[in-house]
Every structure is written in C-alpha cells, then in structure tokens.
Amino acid sequence: MIDRAVDTDRRRRREEALAGTRPLAPPTLHEALNRRHMFLPLPLDDADAETTVREDDA
C-alpha cells in the first residue's frame, strides 16, 4: 500500500517535471562511430610528449 503511494507520487512528480518535453533518443552506434575516425592518433599531452622516444634517440 505504501509502496504504491510512493510510486504514484514519484510518477506524478516526474510527469510534472517533464511536461512539454520530448525525450531524445541516444545516437545510434553507427552515428557514434562516425563522429571520430577510429585510426586517428590521439593528441599528446605535455607529459606524454616528454616521455615519447624518437627514432634518433633509440
């Protein structure tokens, strides 16, 4: 009985908070993968740049 009252109150407050808005669907996997090329090199941080071994150092 109490659980049902709590659920009803939560549902009512959630519906009031979201009134007039439409939920947005998350991007599809295809869209998410196409945002950034998978084989582009990652940008180097300053700390990474100092520890990177160059060919002439090796």
Side-chain angles (χ1 to χ4, degrees):
M1 177 99 167
I2 293 175
D3 292 335
R4 187 177 300 160
V6 170
D7 289 342
T8 303
D9 185 53
R10 287 181 180 164
R11 181 178 301 111
R12 180 188 56 78
R13 288 187 286 155
R14 183 172 46 248
E15 289 172 354
E16 285 178 7
L18 297 177
T21 62
R22 293 186 71 168
L24 297 175
T28 63
L29 181 59
H30 178 72
E31 292 169 348
L33 289 175
N34 282 336
R35 285 189 193 152
R36 177 168 162 80
H37 194 278
M38 291 175 44
F39 298 109
L40 287 177
L42 295 174
L44 293 176
D45 294 338
D46 291 337
D48 291 340
E50 295 173 6
T51 59
T52 302
V53 176
R54 291 178 286 182
E55 289 181 21
D56 54 335
D57 290 343

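Computed from a predicted model, the values in this text were never measured in an experiment.
- For the side chain to side chain donor-acceptor pair (under 3.5 Å) test, no residue two or more places apart in sequence or in another chain qualifies with D3.
- In this structure, R4 places its CZ atom where only 12 or fewer heavy-atom neighbours from other residues, nucleotides or ligands lie under 6.0 Å away.
- With sequence neighbours left out, L18 forms a side-chain contact (heavy atoms from CB on, under 4.5 Å) with R14, T21.
- Judged as a side chain to side chain donor-acceptor pair (under 3.5 Å), and not counting sequence neighbours, the contacts of R13 are D9.
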